[in-house]
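This report refers to the structure that appears directly beneath it.
Here the structure is a predicted model, which is why all the values come from computation and not from measurement. Residue numbers begin at 1 in each chain, while the letters A, B, ... track the order of the sequences. The analysis underlying the following values was restricted to heavy atoms, covering all of them including side chains, and did not include hydrogens, waters or symmetry mates.
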Amino acid sequence: MAVKKQYWLIKSDPETLSFDEVNARPNSTIDWNGVRNYQARNFMRDELKKGDPVLFYHSQCKDTGVVGLAEVVRESYPDHTAWDKKHRYYDPKTDKDNPTWYMVDLKWKKAFKRTVTLAEMKSTPALKSMRVVQRGQRLSVQPVTKKDFDQVCKLGGENQ
DNA sequence: GCCAACGTTGGC
DNA sequence: GCCAACGTTGGC
């Protein structure tokens with residue numbers, strides 16, 4: 001049982017999947033598809049485990065930052081959107097018998113009382129080693145330490 | 001909309 | 001296998 005939990009941060013572009021959208025459906029499942037980066041793929045395929053807590057981060061909008069909490073509910077399986085010609089994440093190079101891309105399902109848990117913005121995380125000394133505050137960090141799935149995870153929850157008004 | 005950082009591609 | 005060119009991400 002006592003498998004150590006790994007904590008994660010995932011980024012979402014609100015144009016693709018917005019926080020408002022998932023927050024309107026409490027306990028809904030989110031298909032976390034469309035990741036087309038090998039490093040992020042490796043994390044998803046190999047390391048995101050059922051029950052792992054996830055920080056939900058909004059990128060490319062006015063208030064970038066962590067908006068709430070989710071949890072992994074289904075471990076990796078092939079990302080079917082890669083084979084859908086009409087899909088924006090269609091990848092002609094991937095083979096059905098040997099999938100390149102994987103996805104997981106998440107369950108939306110709850111919104112923070114307040115968004116923990118990127119600027120705020122950057123100005124919090126305790127979070128200075130977090131990946132997301134580092135320059136040029138573009139991975140859409142990143143591991144987070146428990147300490148950082150708890151700190152972000154605290155800033156967001158959600159003591160775990 | 002700009003631009004820096006980074007990942008991927010492809011010529012050699 | 002190197003590296004320049006190109007494309008994409010994402011903060012500002």
Can you list every pair that meets ring-ring contact (aromatic ring centres under 6.0 Å, His included) and has a residue in residues 94-146 of chain A, with sequence neighbours left out? A:Phe19-A:Trp108, A:Tyr38-A:Trp101, A:Phe56-A:Trp108
Between P of B:dC6 and CD of A:Gln39, the distance in whole Å: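 Value for this atom pair: 11 Å.
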In this structure, how many angstroms lie between the P atom of B:dT8 and the CG atom of A:Asp91, rounded? 12 Å
Report the residue from A:Lys154, A:Lys146, A:Lys147 that forms a salt bridge (charged side-chain N to carboxylate O under 4.0 Å, His left out) with A:Asp150.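 Going through the options one by one, the only one that passes is A:Lys146.
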Any base atoms under 4.0 Å from A:Lys93, or only sugar-phosphate, or nothing? Heavy atoms, all strands.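 The answer is sugar-phosphate, as A:Lys93 gets under 4.0 Å only of primed atoms, P, OP1 or OP2.
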According to side chain to side chain contact (heavy atoms under 4.5 Å, CB included), who are the partners of A:Glu47, at least two apart in sequence or on a separate chain? A:Trp8, A:Phe43
I want to check something: taking the side chain as every heavy atom from C-beta on, are A:Asn37 and A:Arg41 in contact at a cut-off of under 4.5 Å?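 Sidechains of A:Arg41 and A:Asn37: no contact.
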What N/O pairs connect the protein and nucleotides 9-11 of chain C at under 3.5 Å? Give each pair on its own line.
residue: C:dG10; atom: OP1; partner: A:Lys11; partner atom: NZ; Å: 3.4
residue: C:dG10; atom: OP1; partner: A:Arg138; partner atom: O; Å: 2.7
residue: C:dG10; atom: N7; partner: A:Gln60; partner atom: OE1; Å: 3.2
residue: C:dG11; atom: OP1; partner: A:Tyr57; partner atom: OH; Å: 2.7
residue: C:dG11; atom: OP2; partner: A:Gln60; partner atom: N; Å: 3.3

Ion pair check, A:Arg131 and A:Asp148, cut-off under 4.0 Å: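 Judged by the 4.0 Å cut-off on N to carboxylate O distance, A:Arg131 and A:Asp148 do not form a salt bridge.
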